[in-house]
Enquirer: 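Pasting in a structure now, in structure tokens, and then I'll have a few things to ask.
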Amino acid sequence: MARWLAKSEPDVYGIDDLERDNSTTWEGVRNFTARNFLRAMQVGDLVLFYHSNAVPSGVAGVGRVVSTASPDPTQFDQASDYYDETAPPDGSRWSWVTVGFVERFSRVVALAEIKADPQLEGIEVARKGSRLSVCGVSDAHFDHIVALGRQS
DNA sequence: GCCAACGTTGGC
DNA sequence: GCCAACGTTGGC
């Protein structure tokens, strides 16, 4: 079973929203590398829920893949911020998955803390200039971040 | 709001 | 298929 990290701006949709809703569709990924990661997700895979453009930015909790990739309908919705006029009608361009709530950390594991932690060396989200909104995480990095997030 | 990083597009 | 221009992400 794989481990992932996915970014969302908490002003738009944060871990509190996921806790309230219990599950959500992860729409709006418009980057091919990130899309390919979405398509590789399997039911039951765990996902670090990362708050971007936040104070502080960092990992706020954990979600779980509850349904695998299918065409993201927002690519066809002209009223959506994610509308893509170049998307072919077969839906092959952009995908979404459904993510369920697992846990909200007792504290956000801030990006600065991730970058400073030698046990998290090499993690994609700490790479300089990393803009991937969905990426893989090693089991060891995943477990370490969860342990940090559960600290009070 | 600035700006670095970098993915994507399109001209050639 | 190279590469410059452009747009976007996202930390700070």
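In what follows, chains are A, B, ... by sequence order, proteins preceding strands, each numbered from 1.
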Enquirer: Report yes if the distance between the aromatic ring centroids of His144(A) and Phe142(A) is under 6.0 Å, otherwise no.
Expert: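 Between His144(A) and Phe142(A), the centre distance exceeds or equals 6.0 Å.
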Enquirer: Please state how far atom CG in Asn31(A) lies from atom C1' in dG7(C), giving the value in whole angstrom units.
Expert: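 These atoms are roughly 13 Å apart.
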Enquirer: Look at Arg127(A) and dC6(B) and indicate whether a side-chain polar atom (N or O) is within less than 4.0 Å of OP1 or OP2.
Expert: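 Yes, Arg127(A) has a side-chain N/O under 4.0 Å of OP1/OP2 on dC6(B).
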Enquirer: Looking at residues 111-120 of chain A, who's got a heavy atom less than 4.0 Å off DNA chain C?
Expert: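 Of all residues in residues 111-120 of chain A, the ones placing a heavy atom under 4.0 Å from DNA chain C are Leu111(A), Lys115(A).
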Enquirer: To the nearest 0.5 Å, how far apart are CZ in Arg3(A) and NE2 in His141(A)?
Expert: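 Answer for the CZ-NE2 pair, Arg3(A) versus His141(A), is 14.0 Å.
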Enquirer: Expressed in angstrom and rounded to an integer, what is the separation of Arg131(A) atom CZ from dC3(B) atom P?
Expert: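 In whole Å, dC3(B) P and Arg131(A) CZ are 17 Å from each other.
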Enquirer: May I ask you to evaluate whether Lys7(A) reaches the phosphate of dG10(C), defined as a side-chain N or O under 4.0 Å from OP1 or OP2?
Expert: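 Looking at the OP1 and OP2 atoms of dG10(C), one of them is under 4.0 Å from a side-chain N or O of Lys7(A).
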Enquirer: Let me see the working for Glu27(A) and Thr74(A) under side-chain hydrogen bond (donor to acceptor under 3.5 Å, both in side chains), right down to the final yes or no.
Expert: CA-CA 7 Å; Glu27(A) 71 269 22; Thr74(A) 64; over 6 Å; no
Enquirer: Nearest whole Å is fine: how far is dT9(C) P from Glu9(A) CD?
Expert: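 To the nearest whole Å, that distance equals 8 Å.
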Enquirer: Give Arg93(A) one of three labels, base, sugar-phosphate or nothing, depending on what nucleic acid heavy atoms sit under 4.0 Å from its own.
Expert: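 Sugar-phosphate contact only - Arg93(A) comes under 4.0 Å of backbone atoms but never of a base.
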Enquirer: What is the distance, rounded to the nearest whole Å, between atom CD of Glu124(A) and atom P of dG11(C)?
Expert: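 Roughly 13 Å, once rounded to whole Å.
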Enquirer: State whether Tyr50(A) places a side-chain N or O below 4.0 Å from either non-bridging phosphate oxygen (OP1 or OP2) of dG11(C).
Expert: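 Yes, because at least one side-chain N or O of Tyr50(A) sits under 4.0 Å from OP1 or OP2 of dG11(C).
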Enquirer: Can you tell me how far apart CZ (Arg30(A)) and CG (Asp84(A)) are? Round to the nearest 0.5 Å.
Expert: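 Separation between the atoms: 6.5 Å.
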Enquirer: Identify whether the distance between the nearest side-chain nitrogen and carboxylate oxygen of Asp16(A) and Arg104(A) falls below 4.0 Å.
Expert: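 The answer is yes: the pair qualifies as a salt bridge.
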Enquirer: Would a line drawn from the ring center of Tyr13(A) to the ring center of Trp26(A) be shorter than 6.0 Å?
Expert: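 No, the ring centres sit 6.0 Å or more apart.
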Enquirer: In whole angstrom, give the distance that lies between atom CH2 of Trp94(A) and atom C1' of dG7(B).
Expert: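 Checked: the CH2 to C1' distance equals 10 Å.
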Enquirer: Would you say the rings of Trp94(A) and Phe32(A) are close, in the sense that their centroids are separated by under 6.0 Å?
Expert: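 So the answer is yes for these two rings.
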Enquirer: Between Lys128(A) and Thr86(A), which has a closest nucleotide on DNA chain B that is more 5'?
Expert: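 Result: Lys128(A).
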Enquirer: Classify the nucleic acid contact of Asn53(A) as base, sugar-phosphate or nothing, counting any heavy atom under 4.0 Å across all strands shown.
Expert: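 Result for Asn53(A) = base.
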Enquirer: Rounding to a whole Å, what distance do you find between Arg30(A):CZ and dT8(B):P?
Expert: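 In whole Å, dT8(B) P lies 12 Å from Arg30(A) CZ.
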